[in-house]
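Below is one structure; the comments refer to it alone.
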Amino acid sequence: MRLTWINIHHIYSGLNRFRDIQKKHIQPYHDIGFRVAGLMCDAGATEDDIKYVKDLWEEVGLEFGPIGAGGGAVFFHPDPAVVRRGKPLFHKTIEIGGKLGCTSVRFAAGSFDPTNVWGAHRENHTQKSMDLFVAATKEFIPAAEDSRIMLCPETTQGTIVGSIPRMVEYVDRLESRYAGVDFDPVNHMTHERIFDSGRFMKCAIATLGDRIGEIHCKDVRLTPGAVLVSHIDEAPMGAGELDHAALIEASDQLEPWKPFSLEHITTIEGIRDAYNHIVEDAKSIGHQWTAPGCTREKWERGKTR
């Protein structure tokens with residue numbers, strides 16, 4: 001897989017338009033060592049705006065990773081008015097992501113929570129919710145296939161696509177090579193898994209296979225001091241319990257053009273530390289990252305760069 005920084009907007013949240021992004025915003029990722037980086041979509045981008053951001057990535061020496069669906073691009077929601085507004089924006093995200101050469105479109109994995117598309121809700125765990133979310137996603141499969149970009153919801157335990165079996169069902173029912181999931185093991189961590197995370201991740205990746213369009217990588221720990229009711233939360237990379245070497249090793253089962261994306265760090269110093277930690281873990285097991293120029297199109301033509 002290609003080592004990737006998931007989203008430049010983790011630090012620069014005010015960059016709502018492609019034209020707001022400047023070289024100074026993305027150069028630090030290249031300086032750290034990344035050669036693949038994602039971004040959030042500007043659904044109002046013109047052809048000139050798309051060319052602008054493509055030229056900027058090329059100037060810095062970066063390839064495009066995933067693109068996030070933001071700005072109200074919601075196609076599944078209990079309020080039909082939200083869906084009516086969001087569907088055209090999601091279509092635009094697919095189109096723009098394809099023109100940039102992004103690997104996938106990232107979006108929430110479905111929720112009946114009216115206030116948070118990533119929120120937990122009792123209805124999310126029913127078969128009805130899966131049927132509805134599959135049907136809603138299917139509407140966008142032709143556009144994804146035309147744009148050659150994967151549709152990959154970021155799965156969490158609280159959303160509709162909330163477990164390994166439901167990830168399998170969701171992707172298989174969409175019946176497209178451009179349907180997948182973002183697998184983030186931290187989002188699916190439990191007390192039974194946290195101290196043997198390597199086994200869980202290896203089994204999950206073996207089960208899902210290339211239904212995975214992207215791996216998200218961070219760290220996790222039990223919240224210090226919690227006793228009777230314990231909590232699981234994120235941790236700085238390398239400071240938690242996640243077996244990153246096992247995750248890297250298991251990722252070799254997947255198609256090499258896909259992103260292995262570091263995320264959820266809000267300072268350049270923190271990103272640098274996380275990058276160094278992952279690179280060292282990879283070296284410790286003799287792992288080689290895929291060349292950044294290995295896109296899906298090149299891989300399917302039998303090329304690696």
Tyr178-Ser104 side chain donor-acceptor pair, cut-off 3.5 Å: no
Gln27 and Glu59 side chains, donor-acceptor separation under 3.5 Å: no
Side-chain H-bond candidate by donor/acceptor type, Asn187 with Glu154, under 3.5 Å: yes
Spatial distance of atom CD (Glu234) from atom CG (Asp219) [nearest 0.5 Å]: 9.5 Å
Salt bridge Glu249-Lys202, side-chain N to carboxylate O under 4.0 Å: yes
Exercise: do Thr155 and His188 side chains pair donor with acceptor under 3.5 Å: yes
Test item: side-chain donor near acceptor, His244 and His277, under 3.5 Å: yes
Side-chain donor-acceptor pair present, Glu95, Ser147, cut-off under 3.5 Å: no
Nearest non-hydrogen partners of Cys102 and Ile67, listed with the distance: SG-CB, 3.8 Å
Parallel, tilted or perpendicular: rings of Phe34 and Tyr275 (30°, 60°): perpendicular
Separation of Phe64 CZ from Glu58 CD (nearest 0.5 Å): 9.5 Å
With Glu47 via side chain to side chain contact (heavy atoms under 4.5 Å, CB included) - residues at least two apart: Ile50, Lys99
All pairs passing salt bridge (Lys or Arg N to Asp or Glu O under 4.0 Å) where residues 105-134 contributes a residue, at least two apart: Asp131-Arg173
Working for salt bridge (charged side-chain N to carboxylate O under 4.0 Å, His left out), residues Glu169 and Arg166: CA-CA 5 Å; Glu169 178 184 353; Arg166 284 172 79 91; 5.3 Å; no
Minimum-distance pair of heavy atoms, taken over all atoms of Ser111 and His121: OG-CB, 4.3 Å
Glu145 versus Ser176, side-chain donor and acceptor atoms under 3.5 Å: yes
Heavy-atom pair of closest approach, residues Phe107 and Ala69: CB-CB, 4.3 Å
Euclidean distance, Asp273 CG relative to Ile268 CD1, rounded to 0.5 Å: 11.0 Å
Exercise: identify the closest heavy-atom pair between Pro185 and Phe183: CD-O, 3.7 Å
Any side-chain donor near an acceptor of the partner, Thr46 and Asp49, under 3.5 Å: yes
Nearest heavy-atom neighbours spanning Pro114 and His77: O-NE2, 3.2 Å
Phe76/Phe112 aromatic ring centres below 6.0 Å: yes
Where at least one partner belongs to residues 184-196, residue pairs that pass salt bridge (Lys or Arg N to Asp or Glu O under 4.0 Å), sequence neighbours excluded: Asp184-Lys218
Polar contact flag, side-chain donor to acceptor under 3.5 angstrom, Glu280-Asn276: no
Mutual orientation of the aromatic rings belonging to Tyr29 and Trp5 [parallel < 30°, tilted 30-60°, perpendicular > 60°]: parallel
Option from Glu300, Arg301, Arg2, Arg148 for which side-chain contact (heavy atoms from CB on, under 4.5 Å) with Thr295 holds: Arg2
Arg19 to Tyr52 six-membered ring, cation-pi geometry met (6.0 Å, 45°): yes
Heavy-atom pair of closest approach, residues Pro292 and Val36: CB-CG2, 3.9 Å
